[in-house]
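Here the structure is a predicted model, which means the values were calculated and not measured.
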Amino acid sequence: MYNKFFILKKKILIGYIYKLFFVPFTLHFPFLPSYCLSSLMACNQHKVWRRVAFLLSLLSILQICARGDPQVPCYFILGDSLSDNGNNNGLSTKAKANFKPYGIDFPVGPTGRFSNGRTIVDVTAELLGFGEYIPPFTSAKGRDVLKGVNYASASAGILDESGKQLGQAIPLGGQLKNYLKTFSQISKILGGGTAAHKYLNKCMFTVGIGSNDFINNYFMPDVFRTSELYSLDRFVATLIDQYSQYLQTLYKCGARKVALFGLGPIGCAPAELARYGATPGSICVDKINDAVVRFNKRLISLVDDLNDNYKDAKFTYINILEIGTGDATAAGFKVTNSGCCGGQKGCLPLATPCKNRDEYTFWDEFHPTDAMNVIFANRAYKALTPTDAHPIDISTLACL
């Protein structure tokens, strides 16, 4: 999507160099891929002497961004609304985002992405070197599936019933069934299952799911009886057991490079703050974030078990919780408890969102802004701290 415009963008970029010394850095480069931005920002810490180093490294970074081949041949995505890019558009559900002002900062407007711009997997695709975003399952046709498919569905959970009060969704089990259909397509294109396996072994897989099993199931006792039937620890164990079975199925059907996005600080989401109020002494709903911590600990153990049991594959855990609970103000954010669109109540069709979207961590009552997704994806791709990923980050995974 952006590679074919690279030469033009390079010319435009030259006109910005002078202003770098006087205007905040990130305002100048909305058109560059996230990989470029992350690399450039590493050279620019809002100090003039740092900007000198930035200018010296500019040419080499641009050359890196101009490379045409992605680091992996294909990228497959499973998950929920944090990754959905249109699979829910045709479903009978309240969990849709194919209307304005969603997509206000996305090149083609509303697509079904729950963001003002890109999702975490969109930015990840950019970082992996893909020139176009991965298409949703509902529109991926023919040989296009060889580049990857996005199966994610808003309101989906590990359990089939999670999120059902909102309407139809494609839970993780259903997404796997759709992946198996794609596997059959690839087998036909490449001449058999063995060739398909060999091809898929080189591809990237990301899975990000589980939030709805808590906020749209366990912590919704007026709709679901789950919290009456299970203690929190038993419920987490049930989720992880089911998750494990699904991941092993994914492995059996070719997946060898798999990154699992851990749950983020969903207890800090504006909708949860509106529903419960912040825990005294905290800025979030601690009981929900406690559940997140328990789930993520078990997910890390699952990653270790999978790596022990499947030596020809590599699974890794991305610590979205830690990345999402850092000092937001240090990253330039000013509003963390309210969505840019709809505040704490939801983003309605044709609503007027805030203008300073890069200063908000949340776009709506649940989902991050494009600016926040850039941070999530960049640290998932290239770990900033040793705890951002376990055991390796996505850039390392791609190179295996």
Q | Working for side chain to side chain donor-acceptor pair (under 3.5 Å), residues Tyr381 and Gln71 | A | CA-CA 12 Å; Tyr381 179 78; Gln71 297 157 36; 2.8 Å; yes

Q. Tell me, do Val285 and Leu273 make a side-chain contact under 4.5 Å, heavy atoms counted?
A. yes

Q) Mind checking whether Thr279 and Lys287 have side chains closer than 4.5 Å, heavy atoms only? A) no

Q | Val292 and its side-chain contact (heavy atoms from CB on, under 4.5 Å) partner, picked from Ile320, Leu321, Val236 | A | Leu321

Q) Is the Phe137 ring parallel, tilted or perpendicular to the Tyr151 ring (thresholds 30°, 60°)? A) tilted

Q. Do you see a donor-acceptor pair shorter than 3.5 Å between the side chains of Asp388 and Thr385?
A. yes

(Q) For Ala274 versus Gln344, what's the shortest heavy-atom pair and its separation? (A) CB-OE1, 3.6 Å

Q | Asp213 and its side-chain contact (heavy atoms from CB on, under 4.5 Å) partner, picked from Phe219, Tyr218, Phe235 | A | Phe235

Q | Straight-line distance of Leu260 CG to Leu247 CG, nearest 0.5 Å | A | 5.5 Å

Q. Does Gly339 offer a backbone N or O that forms a donor-acceptor pair with the side chain of Glu365 under 3.5 Å?
A. no

Q.
So that I can tick it off, tell me whether Lys164 and Glu161 are bridged by a salt bridge, with the cut-off set at under 4.0 angstrom between side-chain N and carboxylate O.
A. no

Q) Where the side chain of Thr93 meets the backbone of Leu166, is there a donor-acceptor pair that is under 3.5 Å apart? A) yes

Q | Distance, nearest 0.5 Å, that separates SG of Cys253 from NE2 of His197 | A | 6.0 Å

Q.
Any heavy-atom pair between the side chains of Phe261 and Val121 that's under 4.5 Å?
A. yes

Q) Donor-acceptor pair, Ser187 side chain versus Phe183 backbone, under 3.5 Å? A) yes

Q: Give a yes/no on whether the SG-to-SG distance for Cys341 versus Cys347 is below 2.5 Å.
A: yes

Q | Residue among Leu200, Leu146, Val149 satisfying side-chain contact (heavy atoms from CB on, under 4.5 Å) with Thr182 | A | Val149

Q.
Can a donor-acceptor pair be found, under 3.5 Å and without considering hydrogens, that links the side chain of Asn212 to the backbone of Asn217?
A. no

Q: Grab the two heavy atoms, one from Ala97 and one from Tyr102, that are nearest each other, plus how far apart they are.
A: O-CB, 3.4 Å

Q) Would you say the side-chain atoms of Asn309 pair up with the backbone N or O of Asp305, donor to acceptor, closer than 3.5 Å? A) yes

(Q) Determine whether a donor-acceptor pair (N or O, by modelled atom type, separation under 3.5 Å) exists between the side chain of Asn87 and the backbone of Ala152. (A) yes

Q) Going by distance alone, is a donor N or O of one side chain under 3.5 Å from an acceptor N or O of the other, for Thr387 and Glu322? A) yes

**Q.** Nearest heavy atoms of His367 and Ser81, plus distance in Å
**A.** NE2-OG, 2.6 Å

Q.
Less than 3.5 Å apart, any donor N or O on the side chain of Thr249 or Gln245 sitting next to an acceptor on the other?
A. no

Q: Answer with yes or no whether the side chains of Thr119 and Asp122 bring together a donor and an acceptor at under 3.5 Å.
A: yes

Q | Exercise: identify the closest heavy-atom pair between Ala377 and Ile120 | A | CB-O, 3.6 Å

(Q) Within the 4.5 Å heavy-atom criterion, are Pro391 and Thr316 side-chain neighbours or not? (A) yes

Q.
One pair to check against salt bridge (charged side-chain N to carboxylate O under 4.0 Å, His left out): Asp393 and Lys314. What are the steps and the verdict?
A. CA-CA 11 Å; Asp393 57 29; Lys314 180 61 72 173; over 6 Å; no

Q: Go through the steps to decide whether Arg357 and Asp370 satisfy the test salt bridge (charged side-chain N to carboxylate O under 4.0 Å, His left out), and finish with yes or no.
A: CA-CA 8 Å; Arg357 293 182 280 278; Asp370 179 280; over 6 Å; no

Q) Quick one: does Asn88's side chain have a donor or acceptor within less than 3.5 Å of a partner on Ala154's backbone? A) yes

Q.
Going by ring pair (Phe, Tyr, Trp, His ring centres under 6.0 Å), Tyr251 matches just one of Tyr179, Tyr310, Phe205. Which one?
A. Tyr310

Q) Thr138 versus Asn89: any side-chain heavy-atom pair under 4.5 Å? A) no

Q | ring pair (Phe, Tyr, Trp, His ring centres under 6.0 Å) between Phe106 and Tyr133, worked out | A | CA-CA 12 Å; Phe106 197 73; Tyr133 298 121; 5.6 Å; yes

Q: Give a yes-or-no answer on whether the side chains of Ser153 and Asp84 include a donor-acceptor pair shorter than 3.5 Å.
A: no

Q) With a 4.5 Å limit on heavy-atom distance, are the side chains of Ile283 and Asn337 in contact? A) no

**Q.** Side-chain donor/acceptor of Thr238 to backbone N/O of Arg234, under 3.5 Å
**A.** yes

Q.
Are the side chains of Arg118 and Val123 in contact, using a 4.5 Å heavy-atom criterion?
A. yes

Q) Do Phe362 and Met372 touch side chain to side chain, with heavy atoms closer than 4.5 Å? A) no

Q. Is a side-chain donor-acceptor pair under 3.5 Å present for Asn116 with Asp105?
A. yes

**Q.** Side chain Thr369, main chain Tyr360, donor-acceptor under 3.5 Å
**A.** yes

Q) Minimum heavy-atom separation for Gly148 to Ile134, with atom names? A) C-CG2, 3.5 Å

